[in-house]
Participant: 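Quick one: structure below, then a few questions.
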Amino acid sequence: MRRWIPPLVWAAMILAASSDAFAARETGGLLHRLFGDLPYFAELHFLLRKAGHLAAYGLLAALTWRADRRVPVALGFALMIAMVDEWHQSTIPSRTGTGWDVLLDVVGAAIAVGVMRWWRLGSEESRRLKVEP
């Protein structure tokens, strides 16, 4: 049961970030304060926000897969949190909840689970191929 603590804590952090404090105007203001006037600022801000989706849900799925080792559980949990997150954002005037972001979240989760499985299969294969002297 202890293995479920990290994915549950990370899910809570994702859901907490669906508040007004992480609206585009807030993160854009922070980016502007950090880097000033950048060329293509709006495009960079958009890409960073979408990369955040991939990373956040990738980590969520990786933590979930570590807790359970079943792909449908890891992807299903990420999908459930993504849907709740986007629904919550749709209720906040400064945020928008979209199905496209849910799709992006699930893609991030799938990439992470794929990498985790590939890594595990590779390490099992290398252990199997090692010949003891």
Participant: Could you pull out all residues at least two apart from Arg70 that satisfy salt bridge (charged side-chain N to carboxylate O under 4.0 Å, His left out)?
Facilitator: Asp68
Participant: Are Leu59 and Val73 connected in a single hydrophobic cluster, I mean Ile/Leu/Val/Met/Phe/Trp/Tyr linked by side-chain heavy atoms less than 4.5 Å apart?
Facilitator: yes
Participant: What heavy-atom pair brings Ala82 and Val102 nearest, and what distance separates the two atoms?
Facilitator: O-CG2, 3.8 Å
Participant: Could you walk me through whether Thr96 and Gln89 pass the side-chain contact (heavy atoms from CB on, under 4.5 Å) check?
Facilitator: CA-CA 5 Å; Thr96 56; Gln89 288 180 37; 5.5 Å; no
Participant: Do you reckon Leu60 sits in the same ILVMFWY cluster as Ile5, going by side-chain contacts under 4.5 Å, direct or chained?
Facilitator: yes
Participant: Find the distance between CD1 (Ile14) and CG (Asp105) and round it off to the nearest 0.5 Å.
Facilitator: 7.5 Å
Participant: Where do Pro6 and Arg66 come nearest, in terms of heavy atoms and distance?
Facilitator: CG-NH1, 4.3 Å
Participant: Rounded at 0.5 Å granularity, tell me how far CZ in Phe77 sits from CG in Leu63.
Facilitator: 9.5 Å
Participant: Spell out, as yes or no, whether a donor-acceptor pair under 3.5 Å connects the side chain of Glu86 to the backbone of Thr98.
Facilitator: yes
Participant: Give me the atom names and distance for the closest heavy-atom approach of Gly58 to Ala112.
Facilitator: O-CB, 3.1 Å
Participant: Are the side chain of Trp10 and the backbone of Ala56 linked by a donor-acceptor contact shorter than 3.5 Å?
Facilitator: yes
Participant: Trp4, Leu15: one ILVMFWY side-chain cluster at the under-4.5 Å cut-off?
Facilitator: yes
Participant: Hey, could you give me the CG/CG distance between Leu54 and Leu104, rounded to the nearest 0.5 Å?
Facilitator: 4.0 Å
Participant: Cation-pi check, Arg69 to Trp65: give yes when NZ or CZ is under 6.0 Å from the six-membered ring centre and within 45° of the ring axis, no otherwise.
Facilitator: yes
Participant: Would you compute the distance between atom CG of Leu8 and atom CE of Met13 and round it to the nearest 0.5 angstrom?
Facilitator: 13.0 Å
Participant: For the residue pair Asp101 and His53, establish whether any side-chain heavy-atom pair is separated by less than 4.5 Å.
Facilitator: yes
Participant: Quick one: are Tyr57 and Leu79 in side-chain contact, heavy atoms under 4.5 Å?
Facilitator: no
Participant: Which pair of heavy atoms, one from His88 and one from Ser18, lies closest together, and at what distance?
Facilitator: ND1-OG, 2.6 Å
Participant: Using the rule that two of Ile, Leu, Val, Met, Phe, Trp, Tyr join whenever any of their side-chain heavy atoms come within less than 4.5 Å, decide whether Val107 and Leu48 are in one cluster.
Facilitator: no
